[in-house]
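Worksheet for the structure shown next.
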2 protein chains.
Amino acid sequence: MARSPQKSSAPASGNAVTADLVAVLVAVTDGAPKIMTIAGGSALPSGPFEFTHRSLQTALRAWVEAQTGHPLGYVEQLYTFADRGRSGDAKSPHSVSISYLGLTREDKVGEGFEAHWSGWYDYFPWEDHRAGAPGFIARSIAPKLKAWAKAASSPTLQRERWQRCAITFGLDDRDWNEELVLQRYELLWEASLIPEANHSRGREAPVVPGKPMTADHRRILATGIARLRAKIKYRPVVFELMPAEFTLLQLQRSVEALAGRLVHKQNFRRLIEQQELVEETGAMAADTVGRPAKLFRFRHAVLAERAVAGTKLPLSRT
Amino acid sequence: MARSPQKSSAPASGNAVTADLVAVLVAVTDGAPKIMTIAGGSALPSGPFEFTHRSLQTALRAWVEAQTGHPLGYVEQLYTFADRGRSGDAKSPHSVSISYLGLTREDKVGEGFEAHWSGWYDYFPWEDHRAGAPGFIARSIAPKLKAWAKAASSPTLQRERWQRCAITFGLDDRDWNEELVLQRYELLWEASLIPEANHSRGREAPVVPGKPMTADHRRILATGIARLRAKIKYRPVVFELMPAEFTLLQLQRSVEALAGRLVHKQNFRRLIEQQELVEETGAMAADTVGRPAKLFRFRHAVLAERAVAGTKLPLSRT
DNA sequence: CCATCTTATGCTCATGGAGAGTATAAATGG
DNA sequence: CCATTTATACTCTCCATGAGCATAAGATGG
């Protein structure tokens, strides 16, 4: 940045960069959260921003709709990174990557495109605590983190490192905090447990389960998941991922899929109903096991009615 | 964005833009929230991003420290905009503006720089509700908004417009929501009550009090204020704005200054203390009216101890 | 010294939301 | 009929939060 501040009305020459958009596109199908990927699931969809569009969001929407044939519901900017050329070479072209979170419903991907939907827990298996904490956290991740903590230079640093591990991964009887997705990824990265972190060095590092991605795409995905997990607690965004009509259990399963943890059923219903987020359609769910459930639809009116308070999660501690 | 998705490993030529950084730099002095401005208070500090820095944040920090001679505490990215040339001319250079929120303590600005601190309520007088809702909201803003609502084409639209006004400005006995800073600004913009909104047309529009800024800088500031008002409720970021030692009342005044509304004193103390965010220094405040207060300092340890829950605001409804 | 003002600090009370559990209803397949 | 599965209705307890009362500790002016 210039030493002397000034209005940015005269862009300095020699400062040219390229702007890329990267999208974390989320859908939920049958209790499985999906993200749109390309290149065989090894990258998030991305491409250069073209200034034929009025704004970044417009560009993203247009592109996604061309891809999926479906309008993109909720869109939110995630983060902007500056990359200084792939090889670290100061002469290589610089780029700015602007990432977005988008919510939609899974659907056929347009013909001739290489995009498809992948389960997001393929990339972050340690994030799914719906059936309790995955065994490999205690069996595999925790010991490796402990080794990493022990490798610090002083006893104080060792303690601090381990405390950080325990907090982010809910170890030592701490509670699991589902929102710390990015912190967990970054911790694993620092501990060299993420393949992307081994900068083309030849040596093999002990790595953790989970599919890697190109460049920093998995970090971007982590950012998106974290944002979404936080958001569903105070904004009714889950409905963007639901079909027009749904049962309360389906809604619950979607929330649980995103949060990666279970919710107390009765309290979940109480919350949804007392906030008047949904209304009955009058119909009942067909093709069901057990007692048939009422069908509901989202009351779009709530978006206008109030500065919407949200859908906090009635978590269960079991 | 390209129709065919691909890894962004080959930036397309002809897509060059310039990247600018814009900073919302906040400090609080004697219960007055300030922002750093340039050009006589008509613009936020900004400048081109230079790729000599490793990252955007590094660039921002370096620049701010050169400006103020003080390290920048908390830094957070706000939003990235794409501007298509000043005049709307498709041939003019495109730029991407990346805005940041930074917290620091007010201090002397380095010699020879045109930057200085301005009170943020100079730009958003309607946001300060510490002495109750400002009279001109009911006297001046509300009627103008009502007129704007009435100008909608259908009765339904008129009602929706007014409902939106009432929600964002807390009219019709609704509660004031201090976080809706951006929504309020955008509403006033749509209603042509913001000077920046009158696109160099000659006609005078009825405008609302508050100092305007260059380009979209006031919108960026609104984004920053909104983000900060939300953040202080769940992250202990206020302490970045406090001196090393402070009384609980000083802390409370700072929170109130940011939130633009009053807080219940006893409950505020209860909250701060039970969360163990501070510790006594042992000393007492000097130069005081009334009973002397204990001095406290921030317990930096809490940042490590937990996935910090925050400093919710014990609002008073009076 | 006393009255009064100002701020600090301790404590109680009522309300409501959240976590948790119990109980009953309505469907299906043996 | 019974076991199983899901839906739905209540109840209970705990605790955070908004609110207010009461007292303490300093200064100041008569």
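Chain letters run A, B, ... following the sequence lines, proteins first, then strands; residues in each count from 1.
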(request) For A:Glu256, enumerate each residue passing the salt bridge (Lys or Arg N to Asp or Glu O under 4.0 Å) test, keeping only those at least two apart in sequence or located in another chain. (result) A:Arg253
(request) Using the test salt bridge (Lys or Arg N to Asp or Glu O under 4.0 Å), find all partners of B:Arg161 that sit at least two apart in sequence or belong to another chain. (result) none
Figure out the [atom1]/[atom2] separation between [X] and [N], and round it to whole Å.
X	N	atom1	atom2	value
A:Leu295	D:dT8	CG	C1'	15 Å
B:Ile272	C:dA8	CD1	P	14 Å
B:Phe268	D:dT17	CZ	P	13 Å
B:Leu249	C:dT9	CG	P	10 Å
A:Phe246	D:dT6	CZ	P	19 Å
A:Arg269	C:dA18	CZ	P	17 Å
A:Gln275	C:dA18	CD	C1'	12 Å
B:Asn267	D:dC15	CG	P	18 Å

(request) Would you please name every residue forming a side chain to side chain donor-acceptor pair (under 3.5 Å) with A:Arg105, sequence neighbours left out? (result) none
Only pairs under 3.5 Å count here: list side-chain donor-acceptor contacts from residues 243-251 of chain A, not counting sequence neighbours, and write none if there are none.
{"from": "A:Thr247", "atom 1": "OG1", "to": "A:Leu249", "atom 2": "N", "distance (Å)": "3.4"}
{"from": "A:Thr247", "atom 1": "OG1", "to": "A:Gln250", "atom 2": "N", "distance (Å)": "3.1"}
{"from": "A:Gln250", "atom 1": "OE1", "to": "A:Thr247", "atom 2": "N", "distance (Å)": "3.0"}

(message) By the 4.0 Å heavy-atom rule, please label B:Leu248 as base, sugar-phosphate, or nothing.
(response) nothing
(message) Measuring from the side chain of A:Arg270 (C-beta onward, heavy atoms only), which nucleotide among D:dT8, C:dA20, D:dA7 has the closest atom?
(response) C:dA20
(request) Kindly indicate whether a cation-pi arrangement holds for B:Arg184 with B:Trp176, taking the cut-offs as under 6.0 Å to the six-membered ring centre and within 45° of the axis. (result) yes
(request) Just jot down the ring-ring contact (aromatic ring centres under 6.0 Å, His included) partners of A:Tyr79, sequence neighbours excluded, or say none. (result) A:Phe81
(message) Is there a side-chain contact between B:Lys265 and the phosphate of C:dA8, meaning an N or O under 4.0 Å from OP1 or OP2?
(response) yes
(message) Within the 4.0 Å limit for protein heavy atoms, which parts of nucleotides 21-30 of chain D are touched? Write it as a string from 5' to 3', B for base, S for sugar-phosphate only, - for none.
(response) B--BBB----
(request) Give a yes or no answer on whether the side chain of A:Arg227 reaches the backbone of A:Gln77 with a donor-acceptor pair at less than 3.5 Å. (result) yes
